[in-house]
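None of these values were measured; they are calculated from a predicted model.
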Amino acid sequence: MTVQEVLEGAHHSAAELSAGELTAELQAVLGQKLVAFALGDRHPKTIGRYARGERPPDDQTHRRLVDLRTIVGVLETGMRRQAVKSWMLGANPHLRSRAPIEVFHDGRTSDVMRAAQQFVVAR
């Protein structure tokens with residue numbers, strides 16, 4: 001499978017999920033606080049409300065949830081699910097030694113996506 005096929009599969013899988021399912025999966029991998037940070041939400045409990053279907057995210061937040069789940073999906077093809085959080089928190093040489101979650105938080109989603117793809121290719 002090519003890295004492009006991995007990316008397309010991860011995106012397709014993420015895009016098919018409801019906001020609640022996306023958020024619940026991301027919480028399971030990254031934790032509520034980290035998902036909130038990635039999305040720029042100051043209130044981690046909001047993430048739980050999305051996951052339980054109590055409150056729908058706005059369109060921009062939903063797109064970012066899909067993007068974040070796509071990145072996690074790409075990473076899961078090259079590592080154990082438990083290691084994804086460590087990758088997101090660690091200094092990354094492809095991101096000028098910044099943590100991918102910080103770069104995603106700053107809105108540079110494509111940079112994190114590229115770093116995830118490079119990681120998978122290198123494995």
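A 6.0 Å sphere centred on CD of Glu54 holds more than 12 heavy atoms belonging to other residues, nucleotides or ligands.
With hydrogens and angles left out, the side-chain atoms of Asp67 and Thr70 include no donor and acceptor closer than 3.5 Å. Of the N and O atoms on the side chains of Glu8 and His12, not one donor lies less than 3.5 Å from an acceptor on the other residue.
Sorted by first then second residue, the side-chain hydrogen bond (donor to acceptor under 3.5 Å, both in side chains) pairs that include residues 84-95, not counting sequence neighbours, are His94-Gln118.
The two residues Leu68 and Leu30 come nearest to each other via the heavy atoms CD2-CD1, 4.1 Å. What you find for Tyr50 and Arg55 is that their closest heavy atoms are CD2-O, 3.0 Å. Between Ala36 and Pro44, the closest heavy-atom pair is CB-CA, 3.7 Å. Heavy-atom minimum distance, Ala14 versus Val66: CB-O, 3.8 Å. Shortest non-hydrogen contact noted between His105 and Phe37 is ND1-O, 2.5 Å. Across all their heavy atoms, Leu17 and His62 have their closest contact at O-NE2, 4.3 Å.
A single hydrophobic cluster is not seen to contain both Val74 and Val121; linkage of ILVMFWY side chains at heavy-atom distances under 4.5 Å, directly or through other members, places them apart.
The backbone N or O of Arg108 lies less than 3.5 Å from no partner atom in the side chain of Asp106, so there is not a single donor-acceptor pair. Put simply, the side chain of Ser97 never gets that close to the backbone of Pro93: no donor and acceptor are under 3.5 Å apart.
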What side-chain donor-acceptor pairs closer than 3.5 Å can you find for residues 19-29, not counting sequence neighbours?
from	atom 1	to	atom 2	distance (Å)
Glu21	OE1	Ser18	N	2.8
Glu21	OE1	Ser18	OG	3.3
Thr23	OG1	Ala19	O	2.7
Glu25	OE1	Arg69	NE	2.7
Glu25	OE1	Arg69	NH2	3.0
Gln27	OE1	Gln32	NE2	3.4

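From Met113, atom CE reaches atom CG of Leu75 across 9.5 Å, with rounding to the nearest 0.5 Å. The CZ atom of Arg98 lies 9.5 Å from the CG atom of Asp111; values are rounded to the nearest 0.5 Å. Taken to the nearest 0.5 Å, the NZ atom of Lys33 stands 14.0 Å off from the NE2 atom of His43. Here the straight-line distance linking atom OG1 of Thr2 with atom CG of Leu7 works out to 9.0 Å at 0.5 Å rounding.
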- Message: Working note: Leu34 + Leu89, criterion side-chain contact (heavy atoms from CB on, under 4.5 Å); need CA distance, chi angles, decisive distance, verdict.
- Response: CA-CA 9 Å; Leu34 201 55; Leu89 291 170; 3.7 Å; yes

- Task: Dump the intermediate steps for side-chain contact (heavy atoms from CB on, under 4.5 Å) on Ile71 and Val84, then the final yes or no.
- Result: CA-CA 10 Å; Ile71 291 166; Val84 172; over 6 Å; no

- Item | Working for side-chain contact (heavy atoms from CB on, under 4.5 Å), residues Leu39 and Ile47 | CA-CA 9 Å; Leu39 299 176; Ile47 303 306; 3.7 Å; yes

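For the pair Arg64 and Phe104, the cation-pi test (distance below 6.0 Å, angle within 45°) is passed.
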